[in-house]
Amino acid sequence: MSNLIKAVRGTRDILPPDTALWQHVEKACRDIFHLYNFHEIRTPVFEDTQLFARGVGEETDIVSKEMFTWEDRPRAQSEKAQSLTLRPENTAGVVRAYIEHKMGDTGKLQKLYYIGPQFRRERPQKGRYRQFYQIGAEVLGPVAAGSESPARDAEIIAMLAHLLREVGIKEWTLHVNSVGNADDRARYNQALREALAPVKDKMCGDCQRRAETNPLRVLDCKHPEDQQYIDDLPKISAYLGDESREHFNEVKKILNHVGIQYHVNERMVRGLDYYTRTTFEFTHGGLGAQSALLGGGRYDGLSEMLGGPKAPGIGFALGLDRFVLALQAEETVAAANLNPAVFVAPLGPGMNAEAAVIARDLRKHAIAAELGDDGFRVKKSFEAAERAGAKFILFVGENEVASGQFAIKNLGSGEQVNVARAEIVNWLKS
RNA sequence: GUGGGUAUAGUUCAGUGGCAGAACGCCAGACUGUGGCUCUGGAUGUCGUGGGUUCGACCCCCACUACCCACCCCA
């Protein structure tokens, strides 16, 4: 037992029947994306380390301590080893692809979605894995295509509410905020530093450190004793420039109009440096400490940061692992039934061949079938059919083959009929 | 990276310093072409790993590892 190879820390196998639930979420997302005119993009699982350092931000936790990074071998003696990293998120990769393929030159708004694994070297716990799965979408493009419009922000958020309903998750809460543009944030950061200077010594160790390095993160602190100080800190809303404020007001106005419930949460801070203006998060009560189902926001300067053209955008990523947890927590699991319709039971020696022909026939007519074995006794065939989750059992024995009349029994009701060989497909389909 | 909890059969878990257990599941028979019920029988464990104490350790002690939960962070 001890020297068996096991899935490494923070990774896991997703097995049936759970995989049906994963497929259900994936399918619902693809259907919704189609309705909103998003198209799939697939980017590599690993990228140049610099992409994340510059895109996500050198100072973020993700980049500074959570990435799986390694040195690739130099391809020639004259070359240096290249530093590569398993993607910790997918937005940077999408924007990199947007720039690399000059997608902005089409002049149109790009609406892209992705599905795939992401990697962060964190300590695993409920809803948090080292290989986890995200489904995300991005809207970006030239300003002239409308990429900067608050209509895009509201549309994305509305789409997510629609998506959650389609998936079957009901108990969510939407938090929205505006973190302003780069100028707004700089002024707000300065104000926070000044306000924190006199009180930070009374706060927790983390906050003392954050007050210096990244004051915004102080807002995220959950220490009960610190809350009194945090409540007195300046609010981001007071530091938004006219442009940012109007943009945010317009987003809220559209959300009100289409009837999406939300909370403005001025203390919501997102952990990636590229976010600007609108940020949002959907949370769920059944997820334990990792309560965020999905999160996202606008990233107006990201393309330029990566050496690309001006291409404002907004996007989100949802945690597939957490969607599945939320569905299980709500116990409203209604995944598609993927079980076979028919169990074909060969009866008696030499019947395997005949049963194989019938099973092949059924499958060619899109009837899912499981095939037994002529070594099974009748009772065992029934048990195998039951276990496979089949609705019907079809016997293929000497009597059937001789008479051309095949016994089909409904495992639920117990009804049994004899059906002519040529009529089996039609009978099962009706 | 830090803290707490857990580790015994396929699964969920009892257990005692002196022969390793239950329930469910699994296999077979009763019952050789009609199941789900019932009855009878059966298989399965380096008791997480390594060390220590002891005549003797699954149990007590130490270390390690893994998993779970939380901090942190985030999807």
Side-chain angles (χ1 to χ4, degrees), chain A residues 1-4 6-12 56 60-66 87-91 114-136 160 204-207 209-210 214 217 220-223 268-272 275 279-284 287-297 315-326 343 345-349 351 372 374-387 390 392-402 406-416:
Chain A
M1 282 292 274
S2 60
N3 58 0
L4 282 185
K6 300 193 297 180
V8 307
R9 185 178 179 77
T11 71
R12 63 208 177 118
V56 177
T60 61
D61 278 21
I62 291 174
V63 173
S64 65
K65 51 191 192 201
E66 296 175 2
R87 63 186 183 198
E89 60 98 55
N90 217 330
T91 299
Y114 57 81
I115 297 183
Q118 316 291 336
F119 305 85
R120 292 181 200 171
R121 200 182 174 289
E122 297 180 272
R123 183 111 171 220
Q125 71 182 76
K126 184 175 184 179
R128 187 166 80 183
Y129 309 96
R130 288 182 169 193
Q131 173 170 336
F132 59 105
Y133 296 83
Q134 285 190 336
I135 299 179
L160 286 165
C204 70
D206 283 332
C207 282
R209 180 175 48 78
R210 294 181 187 123
N214 192 355
R217 292 238 72 95
D220 230 10
C221 180
K222 287 164 194 96
H223 264 77
M268 184 175 68
V269 178
R270 315 236 68 243
L272 289 75
Y275 284 117
T279 57
F280 56 89
E281 202 170 289
F282 285 73
T283 59
H284 191 275
L287 298 181
Q290 307 302 320
S291 62
L293 269 175
L294 68 92
F316 70 89
L318 67 82
L320 195 38
D321 311 72
R322 293 184 187 174
F323 264 55
V324 170
L325 278 175
F343 185 91
L347 223 54
M351 286 296 131
D374 62 13
F376 291 0
R377 305 252 285 274
V378 183
K379 174 173 173 166
K380 192 163 169 185
S381 286
F382 271 110
E383 286 168 356
E386 199 75 47
R387 231 176 276 186
F392 297 100
I393 185 165
L394 186 160
F395 290 108
V396 183
E398 275 181 15
N399 299 346
E400 281 77 5
V401 173
F406 289 76
I408 301 176
K409 186 167 187 176
N410 184 319
L411 287 163
S413 68
E415 278 176 88
Q416 182 167 335

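Computed over heavy atoms, backbone and side chain alike; hydrogens, waters and symmetry mates excluded. Chain letters run A, B, ... following the sequence lines, proteins first, then strands; residues in each count from 1.
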Problem set entry | Under 4.0 angstrom between A/R123 side-chain N/O and B/C73 OP1 or OP2 | no
For this session: Please round to the nearest 0.5 Å and tell me the distance separating atom CG of A/L160 and atom CZ of A/F282.
Result: 5.0 Å
For this session: With P as the reference atom in both, quote the distance from B/A30 to B/G15 in angstrom, rounded to an integer.
Result: 40 Å
Problem set entry | Residues A/K126 and A/D321 bridged, charged N to O under 4.0 Å | no
Problem set entry | Euclidean distance for P, B/G45 against B/G21 (whole angstrom) | 13 Å
Exercise. If you measure from the C1' atom in B/G52 to the same atom in B/G42, how many Å do you get, rounded?
Worked result: 40 Å
Exercise. Rounded to whole angstrom units, what separation is found between the CG atom of A/D321 and the C1' atom of B/C68?
Worked result: 16 Å
Exercise. Considering only heavy atoms from C-beta outward, does the side chain of A/R128 approach that of A/R123 to under 4.5 Å?
Worked result: yes
Seminar exercise, completed: Between A/E383 and A/K379, the residue closer to the 5' end of RNA chain B by nearest nucleotide is A/K379
For this session: Among A/E122, A/R9, A/R120, A/R12, find the residue that satisfies the side-chain contact (heavy atoms from CB on, under 4.5 Å) test when tested with A/R130.
Result: A/R9
Exercise. Taking N and O atoms by type only, does the side chain of A/Q125 place a donor or acceptor under 3.5 Å from a partner on the base of B/C72?
Worked result: yes
Problem set entry | With sequence neighbours excluded, residues passing ring-ring contact (aromatic ring centres under 6.0 Å, His included) with A/Y275 | none
For this session: Sticking with atom P, work out how far B/C68 lies from B/C26, rounded to a whole angstrom.
Result: 27 Å
For this session: Can you tell me the distance, in whole Å, between the CG atom of A/L318 and the C1' atom of B/C74?
Result: 14 Å
Exercise. For the pair made of CG in A/L272 and C1' in B/C73, what is the distance, rounded to whole Å?
Worked result: 11 Å
Exercise. What distance do A/K380 atom NZ and A/R387 atom CZ have between them, rounded to the nearest 0.5 Å?
Worked result: 8.5 Å
Exercise. Is it true that atom CD of A/E383 has more than 12 heavy atoms of other residues, nucleotides or ligands lying nearer than 6.0 Å?
Worked result: yes
For this session: Rounded to the nearest angstrom, tell me the gap between atom CG in A/L325 and atom P in B/C68.
Result: 11 Å
Exercise. For B/A75, does OP1 or OP2 lie under 4.0 Å from any side-chain N or O of A/R270?
Worked result: yes
Exercise. In whole angstroms, how far is the C1' atom of B/C73 from the CD atom of A/E281?
Worked result: 12 Å
For this session: Could I get the full list of ring-ring contact (aromatic ring centres under 6.0 Å, His included) partners for A/F395, not counting sequence neighbours?
Result: A/F382
Exercise. Would you write out the dot-bracket form of RNA chain B, 5' to 3', with Watson-Crick and G-U pairs under 3.5 Å, [ ] for crossing pairs, | for pairs to other strands and . for unpaired bases?
Worked result: (((((((..((((....[..)))).(((((.......))))).....(((((..]....))))))))))))....
Exercise. Does the side chain of A/R377 get closer than 4.0 angstrom to OP1 or OP2 of B/A30 through an N or O atom?
Worked result: yes
Problem set entry | Residue-phosphate contact under 4.0 Å: A/K380 side-chain N/O, B/A28 OP1/OP2 | yes
Exercise. Is any side-chain N or O of A/E122 under 3.5 Å from a base N or O of B/G1, one able to act as donor and the other as acceptor?
Worked result: no
For this session: From the options B/G1, B/C68, B/C74, select the nucleotide whose nearest atom is closest to the side chain of A/P124.
Result: B/C68
Exercise. Just how far, in rounded Å, is P of B/C68 from CZ of A/R130?
Worked result: 11 Å
Exercise. Hey, is A/F382 doing a stacking thing with B/G36, by the 5.5 Å centroid and 30° angle criteria?
Worked result: no
Exercise. Would you say the side chain of A/R128 and the base of B/C72 hold a donor-acceptor pair, judged only by whether the two atoms sit under 3.5 Å apart?
Worked result: yes
